[in-house]
Amino acid sequence: KLMLLKDYPEWKSAWVHYFVGLGYLSKLGQQERTKGMLHLAEVAATSTRIVPWLAGDSMIRLSVELEKEGFTQESNRVRLEAKRLFPTHPKILGDENE
């Protein structure tokens, strides 16, 4: 039986969006990369209390991808929000050490 994404518990749905997003980001086409960023944004927007580490990682990855696309202001906003929400996230702490 095929399960729909809405049938999964919220934490599983977050992980599905995360890995689908990473899969799309590994593609070369702009449409696929956009889909990947949208999947990461979904995790960041809906999973901060359910799977906070994953939401923080999604925000940082989204920030990096936005920067690659030339959206510097948007990237900075996402990164600042990630720092505000997840000040002790390992990827954020790693940024401060660079």
Side-chain angles (χ1 to χ4, degrees):
K1 175 184 168 192
L2 179 65
M3 286 186 68
L4 300 175
L5 194 55
K6 68 178 181 62
D7 296 331
Y8 287 118
E10 289 180 69
W11 69 269
K12 279 186 181 180
S13 178
W15 280 100
V16 169
H17 277 292
Y18 178 79
F19 283 115
V20 168
L22 294 184
Y24 276 125
L25 287 172
S26 70
K27 307 291 182 189
L28 297 176
Q30 185 58 45
Q31 285 184 329
E32 288 83 7
R33 295 187 49 72
T34 298
K35 287 178 184 179
M37 288 190 284
L38 289 172
H39 278 280
L40 292 180
E42 173 74 19
V43 176
T46 61
S47 304
T48 56
R49 292 192 354 249
I50 300 160
V51 278
W53 184 94
L54 193 63
D57 188 73
S58 294
M59 291 178 84
I60 295 300
R61 286 177 185 261
L62 180 58
S63 174
V64 168
E65 296 303 322
L66 287 167
E67 183 70 33
K68 286 180 188 176
E69 299 287 328
F71 295 103
T72 303
Q73 288 182 331
E74 294 83 352
S75 171
N76 289 337
R77 277 190 227 121
V78 171
R79 187 173 296 278
L80 287 173
E81 183 65 6
K83 286 181 179 184
R84 185 186 72 77
L85 290 172
F86 309 106
T88 60
H89 194 286
K91 288 208 171 174
I92 293 169
L93 293 174
D95 278 354
E96 293 172 357
N97 293 331
E98 292 178 358

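Side chains are part of it too, since the values below use all heavy atoms of this structure and drop only hydrogens, waters and symmetry mates.
- Heavy-atom contacts from other residues, nucleotides or ligands closer than 6.0 Å to CD of Gln31 number 12 or fewer.
- Taken together through direct or relayed side-chain contacts under 4.5 Å among Ile, Leu, Val, Met, Phe, Trp and Tyr, Phe71 and Leu38 form parts of separate hydrophobic clusters.
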What side-chain donor-acceptor pairs closer than 3.5 Å can you find for residues 54-66, not counting sequence neighbours?
residue	atom	partner	partner atom	Å
Asp57	OD1	Lys91	NZ	2.7
Asp57	OD2	Tyr18	OH	2.5
Asp57	OD2	Arg61	NE	2.8
Ser58	OG	Leu54	O	2.9
Arg61	NE	Tyr18	OH	3.1
Ser63	OG	Ser75	O	3.0
Ser63	OG	Ser75	OG	2.9
Ser63	OG	Arg79	NE	3.4
Ser63	OG	Arg79	NH2	3.4
Glu65	OE1	Arg33	NH1	3.4
Glu65	OE1	Arg33	NH2	2.2
Glu65	OE2	Lys68	NZ	3.3

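- Taking hydrophobic clusters as Ile, Leu, Val, Met, Phe, Trp and Tyr residues chained together by side-chain heavy-atom distances below 4.5 Å, Val78 shares a cluster with Leu22.
- Separation of atoms CZ (Phe86) and CD (Glu81) is listed at 8.5 Å; rounding is to 0.5 Å.
- Heavy-atom contacts from other residues, nucleotides or ligands closer than 6.0 Å to CH2 of Trp11 number 12 or fewer.
- Distance alone, capped at 3.5 Å, places no donor-acceptor pair between the His89 side chain and the Lys83 backbone.
- Atom-to-atom distance recorded for Leu85:CG and Leu80:CG is 11.0 Å, nearest 0.5 angstrom.
- Met37 is listed as a side-chain neighbour of Glu69, based on a closest heavy-atom distance under 4.5 Å.
- Surrounding OH of Tyr24 are at most 12 heavy atoms belonging to other residues, nucleotides or ligands under 6.0 Å away.
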With a cut-off of 3.5 Å and sequence neighbours excluded, list every side-chain donor-acceptor pair involving residues 39-50.
residue	atom	partner	partner atom	Å
His39	ND1	His17	ND1	2.8
Thr46	OG1	Glu42	O	2.7
Ser47	OG	Val43	O	3.4

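- Using a 4.0 Å cut-off between a side-chain N of Lys or Arg and a carboxylate O of Asp or Glu, Glu32 and Lys35 do not qualify as a salt bridge.
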